[in-house]
Amino acid sequence: DQQVKQNSPSLSVQEGRISILNCDYTNSMFDYFLWYKKYPAEGPTFLISISSIKDKNEDGRFTVFLNKSAKHLSLHIVPSQPGDSAVYFCAAVYNQGGKLIFGQGTELSVKP
Amino acid sequence: DTAVSQTPKYLVTQMGNDKSIKCEQNLGHDTMYWYKQDSKKFLKIMFSYNNKELIINETVPNRFSPKSPDKAHLNLHINSLELGDSAVYFCASSQVRGNYGYTFGSGTRLTVV
């Protein structure tokens, strides 16, 4: 039973345009959400996070939106750059000290 | 200087063998984790140690045994390897329990033949 799902295995975007990566979750107890970025042959690296008490968090070109009623979050990258090409993992957690539960990732390809 | 390092990076072994994967972090973090990325690409937690104490132990076959000699090291030993154990195993660490900005190692690709 997968509690965090990323239903798009891949996404292709033109350089300079917006990339929107989506994530759905089923557990309403989740209180913190994160996005990780992963290049081939490397481990995931933390990108941006959002608490369940917020609906938006922005860091430079990256913005995460949370819609709790829909149990949905999204990552917007504007403008997209070729160096953003990677696999993006959504993750969620509940309780202090709890475990991160990851989605299966979306592979983003940004074409010049 | 690598923050979280795993060895080996690649491991090919026969069914039935016993193998170990080592992980070391030089970040001074208190908590370390083992995650498994299966063929469907999900990253699933296996174990977590906080300052050498086991705090998360998921439903993992008891052929898998973590060992933390000190808070900078978390090794994973696997007995009687099976084909289904083939996966990429990631070690990670975080500064304190509950800090979710994990730092991951680059992974160990285990192939059981």
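Chain naming here is simple, since letters A, B, ... match the order of the sequence lines and numbering starts at 1 in each.
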Give a yes or no on this: more than 12 heavy atoms of other residues, nucleotides or ligands lie within 6.0 Å of atom NZ of K54(A). no

Please tell me whether V4(A) and L11(A) are part of a single hydrophobic cluster in this structure, the criterion being side-chain heavy atoms less than 4.5 Å apart. yes

Is there side-chain contact between K44(B) and F102(A), with heavy atoms separated by less than 4.5 Å? no

Distance check, rounded to the nearest 0.5 Å: K38(A) atom NZ versus L43(B) atom CG? 8.5 Å

Between P44(A), G103(A), S49(A), A91(A), who has the most heavy-atom pairs with chain B when the cutoff is under 4.5 Å? P44(A)

I'd like to know whether CZ of R61(A) has more than 12 heavy-atom contacts from other residues, nucleotides or ligands below 6.0 angstrom. yes

Euclidean distance, Q104(A) CD relative to S39(B) OG, rounded to 0.5 Å: 12.0 Å

For the ring pair F104(B) and F46(A), is the centre-to-centre distance below 6.0 Å? no

Residues L100(A) and Y102(B): closest non-hydrogen pair is CD1-CE2, 3.5 Å

Under 4.5 Å from any heavy atom of chain A, what part of Q6(B) do you find: side chain, backbone, both or neither? neither

For Y39(A), which atoms come within 4.5 Å of any heavy atom of chain B: side chain, backbone, both, or neither? neither

Check whether any side-chain heavy atom of F89(A) lies under 4.5 Å from a side-chain heavy atom of Q37(B), and answer yes or no. yes

Donor-acceptor contact present, side-chain K9(B) to main-chain A41(A), <3.5 Å: yes

